Amino acid sequence: MKPVITILEDRIIAAMSAAVNQRDCTAQVRPSTDPKFGDYQVNGVMALAKQLKTNPRKLAEQVVAKLDVSDICEKPEIAGPGFINLKLKPDFVAKNLLEINKDAERLGVEKADKPKTIIVDFSGPNIAKQMHVGHLRSTIIGDCICRLLELEGHKVIRQNHIGDWGTALGKVILGLWHWCMDEKKHQSKLYYATELNELKAYKENKESMISLCQRIRERHEKDWEEDGYPIRGDGNKYFGSFLDELKQRKDDEIWGNITVLYQYINLLEESLVGMNLMIPTRVKKKSYKKDENPFEYISIPYESLSRHITTMLQKIDDKDNEQEKDAWERIREISLKYCHEIYKRLNVNLSMKDVRGEGDYRKDLLPVVSDLLRHDIAVKSDWAVCVFPEGFKDKEGEPLPVIIQKSDGAYLYATTDLAAIRYRVGELKADRIIYVTDARQQLHFEMVFAVARMAGWVKPETELVHVTFGSVLGENGKPLKTREGENVKLKELLDEAVERAHKVVNEKNPELSGDEKDKIAKAVGIGAVKYADYSNNRTSDYVFSFDKMLAMEGNTAPYMQYAYARIKSIERKAQTRQVPIETELAGVKKLNISEPAELDLAKHLARYSEAIEAAAVDYRPNYLTSYLYELAQKFSVFYANCPVLDAGPDKRPTRLLLCDLTAKTIRHGLSNLLGIEVVEQM
RNA sequence: GCGCCCGUAGCUCAGUAGGAUAGAGCGUCGGUUUCCUAAACCGAAGGUCACAGGUUCGAAUCCCGUCGGGCGUACCA
């Protein structure tokens with residue numbers, strides 16, 4: 001079904017063209033700013049008058065003279081400097097609504113004329129860390145964008161570009177080794193936790209810090225020597241089997257430890273800078289004889305050990321780096337399983353088949369770099385391989401590089417992003433690629449896009465879109481953290497939301513069964529977190545507040561869910577009063593709209609597709625939540641003023657239909673597009 | 001320094017390629033329940049759209065400048 005606004009736009013354009021004998025006029029039909037101006041206002045005439053240097057009011061008169069909308073609107077009115085105000089005829093609204101009602105699946109939302117293949121890159125957690133609040137926005141905004149585009153009939157390919165190939169992984173692997181050695185050799189005394197506290201405590205005390213670091217280094221070297229069979233430091237004695245056992249551990253234990261270990265490695269390496277402490281490690285020989293130890297031993301600065309491991313990791317397809325590969329696969333497996341539990345709870349449509357992480361592009365990285373070098377697009381600069389796209393400057397005004405390979409040979413996220421673009425355009429046949437990440441990565445993507453175009457990996461008509469969003473802030477106006485200054489785990493955040501929702505349900509509706517309470521608490525709690533995010537303009541930061549998002553007043557998930565539950569309650573009540581809803585609804589051939597509240601609700605219902613279109617074209621879910629909120633408000637007014645079940649036989653079918661369509665629209669918006677559950681009662 | 005984003009009611013935020021008297025919610029004050037869920041509804045007060053210029057029929061929106069805040073700016077993502 002064509003949206004009313006589009007029909008009007010077409011008619012206005014035709015009238016404008018006829019009035020001034022000129023093509024491509026823009027009508028600028030917008031919803032009215034004030035109900036007293038009608039339902040839609042035409043702004044384009046004034047702009048056209050300016051362009052033609054004529055009197056806008058006169059021009060408006062000429063346009064209206066050519067305009068035929070009598071089947072849709074009352075007589076158009078000219079107002080102010082040259083607005084044309086349009087008011088829909090109740091008959092037209094009624095007819096329109098009946099058509100939408102017939103289309104229960106799509107509620108009147110049209111499909112795109114030319115469906116495109118659209119890649120949406122979102123969520124992308126770093127698997128070295130437990131998913132935290134920083135992953136929330138990309139995950140849910142990305143999911144909503146996919147659902148909107150799918151509704152419009154596009155071929156949407158979801159890509160979860162997980163971070164599994166960078167320095168963070170090197171740190172986790174090193175951390176796991178510490179965990180292993182702690183258990184195998186140090187009676188599980190959790191030395192790393194103790195040392196983490198010491199590192200924190202000695203921050204300001206250089207002497208103590210130095211002796212602490214020396215102590216750590218010595219133990220490390222000794223343990224490393226010992227964790228070797230048949231050759232020293234190969235990790236075959238303890239670490240290899242430890243990785244196998246890891247599968248049996250509980251997720252909570254793993255994540256608890258990894259979090260601490262990660263901090264430990266980070267702080268240790270940070271503290272080591274400038275101390276000149278060296279640690280032995282092995283590196284593969286350039287060439288070696290058969291049956292010879294393929295490794296040689298070198299000393300590297302202790303603080304660069306995790307980066308060294310990252311480089312080893314990035315060569316995991318070399319059969320001598322099997323240990324790193326095992327560790328990588330194990331972490332990936334554990335972490336992804338955990339991520340998908342979160343996705344499930346969040347009602348986000350992401351599955352394992354959508355995962356294509358940095359590491360999956362590993363075989364493309366060398367070709368990417370050599371390709372760019374061969375075509376003189378990339379150059380070596382200070383031993384790193386760089387591309388200098390035009391128009392980007394650094395602090396000194398010098399050309400700013402995209403580094404695609406570090407001086408130590410490691411690849412970076414720009415490299416994997418480039419490999420991903422090549423794959424998406426080349427293999428997936430993308431017409432458009434949408435990246436949903438926070439605004440801080442803007443420069444990165446601008447530059448990566450520039451390089452991809454320089455290399456000719458994207459066609460000129462391929463759209464590369466960076467959909468940005470702001471940060472989630474705490475009540476203090478700073479990025480949301482725990483009291484200890486750590487990232488808030490997504491799981492804990494969701495747990496608390498559900499718990500709080502549960503308390504409210506208990507208070508408001510104590511007579512419900514335990515199961516029902518649980519179900520409602522889950523829908524309300526998770527829904528509240530998601531809805532609060534969606535209802536904010538995505539480009540701005542927002543302050544996270546459980547109290548606000550769980551409030552019944554205002555633009556919140558519970559308010560929407562309540563409106564839905566009220567309608568469902570009417571339906572339940574109808575059964576006890578022997579009102580045959582199905583029969584009455586099926587029998588509606590014509591609507592009888594008499595009350596202002598009915599007309600107001602009906603008009604809004606007919607505009608669902610406009611809201612979808614607005615939200616989809618700008619990738620802004622808050623246009624959809626605003627629409628839904630207004631819908632719920634209008635329904636509340638209707639509910640208060642128009643009894644449904646007690647209405648006379650001339651009015652009841654219409655009112656039942658308004659209820660039914662309101663419920664369907666709320667459910668579609670909330671559940672199908674935002675992934676927020678509705679509940680039958682609350 | 002340069003670049004990007006932002007500054008709207010006491011608070012949290014909307015404001016859809018410039019449109020008419022700038023909107024919600026919270027909070028404050030007042031009202032509504034013999035009636036389908038009051039987890040609701042209705043009303044009132046509350047604004048120099050950071051500041052100063054410009055563009056024009058018209059600016060919160062576009063341009064220039066100032067102030068204030070956030071983020072980014074070569075081997076992290």
Side-chain angles (χ1 to χ4, degrees), chain A residues 26 28 30-34 36-37 41 43 46-47 49-50 55-57 79-83 85 124 126 163 166-168 307 358 381-386 392-398 400-408 410 412-414 437-444 446 468 470-471 477-479 504-505 507-509 524 535-537 539-543 545 547-548 551-556 558-559 561-563 565-574 577 579 610-611 613-615 617-618 620 622-623 625-626 629-630 633 636-637 639-641 643-646 659 681-682:
Chain A
T26 45
Q28 294 188 42
R30 306 274 181 267
S32 287
T33 50
D34 191 311
K36 76 175 181 225
F37 299 133
Q41 60 184 52
N43 299 339
M46 290 174 289
K50 186 198 261 185
N55 182 312
R57 266 197 88 104
F83 295 100
N85 289 333
N126 191 309
T167 38
R307 281 195 292 280
E358 295 176 330
S381 170
D382 292 339
W383 302 104
V385 183
C386 303
F392 297 94
K393 296 197 162 45
D394 72 1
K395 291 170 198 166
E396 280 78 42
E398 300 295 318
L400 189 66
V402 180
I403 299 175
I404 53 175
Q405 187 170 22
K406 300 198 325 186
S407 46
D408 65 3
L412 298 102
Y413 73 139
T437 81
D438 65 286
R440 289 176 306 194
Q441 299 194 38
Q442 195 166 319
L443 183 62
H444 163 73
E446 277 173 23
T468 63
S471 313
K478 299 227 168 86
V504 180
V505 181
E507 267 171 43
K508 304 284 182 185
N509 248 334
V524 171
S535 60
N536 276 286
N537 178 338
T539 58
S540 46
D541 299 346
Y542 75 94
V543 175
S545 159
D547 289 334
K548 290 217 167 74
M552 282 308 300
E553 306 85 16
N555 191 5
T556 64
Y559 181 86
Q561 289 163 322
Y562 178 65
R566 273 175 139 186
I567 301 173
K568 291 292 141 180
S569 174
I570 293 177
E571 291 174 6
R572 281 193 300 275
K573 199 90 40 29
R577 296 202 198 167
V579 177
E610 280 174 34
E613 165 68 15
V617 77
D618 282 339
R620 287 167 72 153
N622 70 311
Y623 288 166
T625 57
S626 292
Y629 180 49
E630 279 174 48
Q633 281 180 315
S636 285
V637 174
Y639 182 88
N641 292 295
V644 178
L645 299 177
D646 292 335
C659 284
Q681 54 182 331
M682 61 187 283

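Order of the sequence lines sets the chain letters (A, B, ...), proteins ahead of strands, with each chain counted from 1. All of these numbers come straight from a predicted model, not from anything done at the bench.
- The separation of B:G18 from B:A9, taken at their C1' atoms, amounts to 24 Å, rounded to a whole angstrom.
- Pairing for B:U33 is absent, with no Watson-Crick or G-U wobble pair whose two atom distances lie under 3.5 Å.
- Checking B:C57, B:A39, B:A40 against the side-chain heavy atoms of A:Met682 singles out B:A39 as nearest.
- A:Tyr629 comes within contact range of the sugar-phosphate backbone alone, with a heavy-atom separation under 4.0 Å but no base atom that close.
- Below the 3.5 angstrom threshold, one finds a donor paired with an acceptor across the side chain of A:Lys36 and the base of B:U21.
- A:Pro558 comes within 4.0 angstrom of no nucleic acid atom, judged by non-hydrogen atoms across all strands.
- Residue contacts shown for A:Val504 include a base, since a base heavy atom lies under 4.0 Å away.
- Of all nucleotides present, none satisfies the Watson-Crick or G-U wobble test against B:U56 with each distance under 3.5 Å.
- Residue A:Cys386 has its side chain nearest to B:A74 when only B:A74, B:C75, B:C4 are considered.
- For B:A40 and B:U48, the P atoms lie 31 Å apart once the distance is rounded to whole Å.
- The shortest distance between the side-chain N/O atoms of A:Lys573 and the OP1/OP2 oxygens of B:U37 is below 4.0 Å.
- In this model, the phosphate group of B:G72 is not approached by any side-chain N or O of A:Lys395 to a distance below 4.0 Å at OP1 or OP2.
- The listed nucleotides are B:A74, B:C36, B:C13; the one nearest the side chain of A:Pro401 is B:A74.
- For B:A39, there is no paired base (Watson-Crick or G-U wobble, both distances below 3.5 Å).
- With C1' as the reference atom, B:A17 and B:A59 are 15 Å apart, rounded to whole Å.
- To the nearest 0.5 Å, atom CG of residue A:Asn55 and atom CE of residue A:Met46 are 12.0 Å apart.
- The side chain of A:Asp541 lies closest to B:G70, out of B:G15, B:G70, B:U16.
- Applying the Watson-Crick and G-U wobble criteria (two distances, each under 3.5 Å), B:G23 pairs with B:C13.
- A:Ala49 comes within 4.0 angstrom of no nucleic acid atom, judged by non-hydrogen atoms across all strands.
- Between the side chain of A:Arg620 and the base of B:A14, no donor-acceptor pair of N or O atoms lies under 3.5 Å.
- When the P atom is compared between B:U12 and B:G27, the two are found 15 Å apart, to the nearest whole Å.
- No side-chain donor-acceptor contact under 3.5 Å links A:Asp382 to the backbone of A:Ala384.
- Applying the 4.0 Å criterion to OP1 and OP2 of B:U12, one finds that A:Ser540 has every side-chain N and O outside that range.
- Nucleic acid contact class of A:Ala47 (heavy atoms, under 4.0 Å, all strands): base.
- A:Glu358 comes within 4.0 angstrom of the backbone, heavy atoms only, and of no base.
- In this structure, A:Asp618 and A:Ser535 both approach RNA chain B, and ranking their closest nucleotides by distance from the 5' end singles out A:Ser535.
- Of the C1' atoms belonging to B:U8 and B:A60, the separation is 7 Å, rounded to the nearest Å.
- Residue contacts for A:Ser471: at a heavy-atom cut-off of 4.0 Å it reaches no nucleic acid atom on any strand shown.
- Closest to the A:Tyr562 side chain, of the nucleotides B:C75, B:A20, B:A38, is B:A38.
- Using a 30° and 60° split on the angle between ring planes, A:Tyr413 and A:His444 fall in the parallel class, below 30°.
- Within the 4.5 Å cutoff, no side-chain heavy atoms of A:Met682 are placed close to those of A:Val505.
- Residues A:Ile403 and A:Ala414 approach most closely at O-CB, 3.7 Å, considering heavy atoms.
- Looking at heavy-atom distances under 4.0 Å, A:Asn536 makes contact with sugar-phosphate atoms alone, never a base.
- The residue A:Phe37 sits close to a base: some heavy atom pair falls under 4.0 Å.
- In this structure, A:Ile570 CD1 and A:Arg577 CZ are separated by 10.0 Å, a value rounded to the nearest 0.5 Å.
- Applying the Watson-Crick and G-U wobble criteria (two distances, each under 3.5 Å), B:C75 pairs with nothing in any strand.
- Annotation: of the two residues near RNA chain B, A:Asn126 and A:Lys548, the 5′-most nearest-nucleotide partner is A:Lys548.
- Counting any heavy atom pair closer than 4.0 Å across all strands shown, A:Val543 reaches sugar-phosphate atoms only and no base atom.
- Looking at heavy-atom distances under 4.0 Å, A:Leu645 makes contact with a base.
- Judged by distance alone, with hydrogens and angles left aside, the side-chain atoms of A:Thr556 form a donor-acceptor pair with the main-chain N or O of A:Ala551 at under 3.5 Å.
- Judged by atom type and distance alone, A:Tyr413 reaches the base of B:A77 through a side-chain donor-acceptor pair under 3.5 Å.
- Residue A:Arg440 has its side chain nearest to B:C71 when only B:G1, B:A39, B:C71 are considered.
- Within the nucleic acid shown, A:Glu396 has no heavy atom closer than 4.0 Å to any nucleic acid atom.
- If you take atom C1' in B:U61 and the same atom in B:C6, they sit 14 Å apart, rounded to whole Å.
- Under the Watson-Crick and G-U wobble criteria, each requiring two contacts below 3.5 Å, nucleotide B:U28 is paired to B:A44.
- Phosphate contact (OP1/OP2 of B:G19, side-chain N/O of A:Thr33, threshold under 4.0 Å): absent.
- A donor-acceptor contact shorter than 3.5 Å links the side chain of A:Thr625 to the backbone of A:Asn622.
- Separating the C1' atom of B:C71 from that of B:C11 is a span of 25 Å, rounded to the nearest Å.
- For A:Pro81, counting side-chain heavy atoms from C-beta on, the closest listed nucleotide (B:U37, B:C57, B:U73) is B:C57.
- Look at the C1' atom in both B:C5 and B:A50: the space between them is 16 Å, to the nearest Å.
- Listed nucleotides: B:A14, B:U16, B:C75. Nearest to the side chain of A:Asn622: B:A14.
- Of the listed nucleotides (B:C75, B:A74, B:A14), B:A14 has the atom at the smallest distance from the side chain of A:Asn537.
- Residue contacts for A:Asn55: at a heavy-atom cut-off of 4.0 Å it reaches no nucleic acid atom on any strand shown.
- Contact of A:Lys50 with B:G58 (side chain to base): a donor-acceptor pair of N or O atoms is detected under 3.5 Å.
- For A:Asn85 against A:Ala79, the heavy-atom pair with the smallest separation is ND2-CB, 3.6 Å.
- Summarising the base pairing, B:C67 is matched to B:G7 through a Watson-Crick or G-U wobble pair whose two defining distances lie under 3.5 Å.
- Within 4.0 Å (heavy atoms only), A:Ala565 reaches at least one base atom of the nucleic acid.
- A side-chain donor-acceptor contact under 3.5 Å links A:Asn537 and A:Thr539.
- The A:Gln681 side chain lies nearest to B:U37 when the options are B:U37, B:U16, B:C76.
- Centre separation under 5.5 Å together with a plane angle under 30° does not hold for the ring of A:Tyr559 and the six-membered base ring of B:A39, so they are not marked as stacked.
- Residue side chain A:Ser32 does not reach the base of B:A20 through any donor-acceptor N/O pair under 3.5 Å, judged by distance alone.
- Judged by distance alone with a 3.5 Å cut-off, no donor-acceptor contact links the side chain of A:Asn43 to the base of B:A17.
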